[in-house]
Amino acid sequence: MNANHHAPGLGLFQFFKSFPEFRADPLNFMFALTRRHGHVVRFRGAWVTHQITHPRDIERVLQTNAQNYRKGRSFKRLLPITGNGLLVSDGDFWRRQRRLAQPAFQRQRLGTYAPAMTAATEQMLARWATLAARGAVFDVAQEMMRLALHIIGLTVFGTDLTAESDAISRSQDVARAFSI
């Protein structure tokens, strides 16, 4: 920490100056900040926020001391798009929703998802092989999102979301653009 007890990171001017870089490649931008500043990075934009990347810190915020942390303004902006679900809710309401969702993510249940996950991945790889044989170009990030939606649909909801994956993906793009 520096002398004024703030985590290192981006000041107001740096934050706004780097925004185009963030929007172009958010994941690599965040990785670069961690490499440059460490596991706690402070952002001073319209409000102050922090990025944490060390597993111990993430566990503290999400599990051992979660009652001391609230989701920020960016999450509240998602309410009109997502509704008050697990992603944006806090406190007791979030806890009730989390308890309802918990059975789907228990260790013994996760093991039963393996065959569906394997089959969906094999289907995707076969499609990729066909595309590669034709010399076709495709967006791997989009393909991975489609795979994740397919697996979640089959394992959690018991339905194939493949036909809806493009519409869901476009909706997520709009939500992401709206929330940034």
Side-chain angles (χ1 to χ4, degrees), residues 1 5-10 12 15 19 22-23 25-31 33-34 37-114 116-117 120 141-142 144-162 164-180:
M1 295 274 185
H5 302 288
H6 290 297
L10 303 179
L12 185 63
F15 176 80
F19 202 67
F22 167 76
R23 286 187 63 107
D25 192 349
L27 190 57
N28 276 327
F29 179 78
M30 297 299 199
F31 282 144
L33 287 175
T34 299
H37 299 291
H39 288 291
V40 179
V41 180
R42 182 177 190 260
F43 297 90
R44 173 66 178 108
W47 52 84
V48 175
T49 190
H50 293 82
Q51 166 188 300
I52 59 171
T53 55
H54 193 282
R56 178 192 63 241
D57 298 332
I58 294 167
E59 180 183 32
R60 178 176 173 79
V61 170
L62 296 179
Q63 190 173 26
T64 59
N65 204 21
Q67 70 279 3
N68 287 345
Y69 300 94
R70 295 286 176 239
K71 294 179 179 168
R73 293 177 181 122
S74 295
F75 284 92
K76 301 306 177 204
R77 292 181 66 190
L78 292 173
L79 272 169
I81 298 167
T82 64
N84 195 24
L86 273 172
L87 180 64
V88 298
S89 61
D90 268 323
D92 290 338
F93 185 75
W94 176 87
R95 237 177 314 291
R96 282 192 303 276
Q97 291 183 314
R98 179 69 173 88
R99 278 190 208 112
L100 290 172
Q102 182 64 34
F105 300 99
Q106 291 175 343
R107 187 178 308 242
Q108 62 272 23
R109 186 100 180 253
L110 289 176
T112 66
Y113 299 159
M117 295 168 91
Q142 189 73 24
M144 295 308 292
M145 180 65 73
R146 184 176 287 123
L147 175 64
L149 287 171
H150 185 63
I151 291 171
I152 290 168
L154 291 175
T155 58
V156 177
F157 301 112
T159 188
D160 186 350
L161 296 174
T162 303
E164 292 83 11
S165 66
D166 288 336
I168 292 169
S169 180
R170 283 191 304 276
S171 298
Q172 289 175 327
D173 290 343
V174 169
R176 231 183 338 272
F178 177 75
S179 66
I180 293 178

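Predicted model, so just to flag it, every value in this text is computed and none were measured.
Interatomic distance, Thr159 OG1 to His150 NE2, rounded to the nearest 0.5 Å: 10.5 Å. One distance of note links NE2 of His37 with OG1 of Thr53; it measures 12.0 Å at 0.5 Å rounding. The distance from the CZ atom of Phe15 to the CG atom of Leu12 is 8.5 Å, given to the nearest 0.5 Å. Atoms CG and CE, on Leu147 and Met117 in that order, are 8.5 Å from each other to the nearest 0.5 Å. To the nearest 0.5 Å, atoms CG (Asn28) and CZ (Phe22) are separated by 12.0 Å.
The nearest pair of heavy atoms linking Arg42 to Ala7 is CB-O, 3.4 Å. Val41 approaches Gly9 most closely through the heavy-atom pair CG1-CA, 3.9 Å. Nearest approach of Thr64 to Gln67, heavy atoms of both residues: O-OE1, 4.3 Å. Shown here for Gln108 and Thr112, the closest heavy-atom pair between the two residues is O-CG2, 3.7 Å. Taking every heavy atom of both residues into account, Ile52 and Val61 meet most closely at CD1-CG2, 3.5 Å. Here the closest heavy-atom approach between residue Ala120 and residue Ile151 is recorded as CB-CG1, 3.8 Å.
In summary, Asp92 and Arg95 engage in a salt bridge, as defined by a charged side-chain N under 4.0 Å from a carboxylate O.
With hydrogens and angles ignored, the 3.5 Å screen pairs a side-chain donor or acceptor of Thr34 with a backbone N or O of Met30. Listed for the Gln97 side chain is a donor-acceptor partner under 3.5 Å among the backbone atoms of Asn84.
Under a cut-off of 6.0 angstrom, the local environment of CZ in Phe31 is sparse, with at most 12 non-hydrogen atoms contributed by other residues, nucleotides or ligands.
For the 3.5 Å distance criterion, the side chains of Gln102 and Arg98 qualify, holding a donor opposite an acceptor.
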May I have the step-by-step check of side-chain contact (heavy atoms from CB on, under 4.5 Å) for Leu10 and Leu33, ending in yes or no?
CA-CA 9 Å; Leu10 303 179; Leu33 287 175; 4.0 Å; yes

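Residues Val48 and His50 form a side-chain contact, since some pair of their non-hydrogen atoms from C-beta on lies under 4.5 Å apart.
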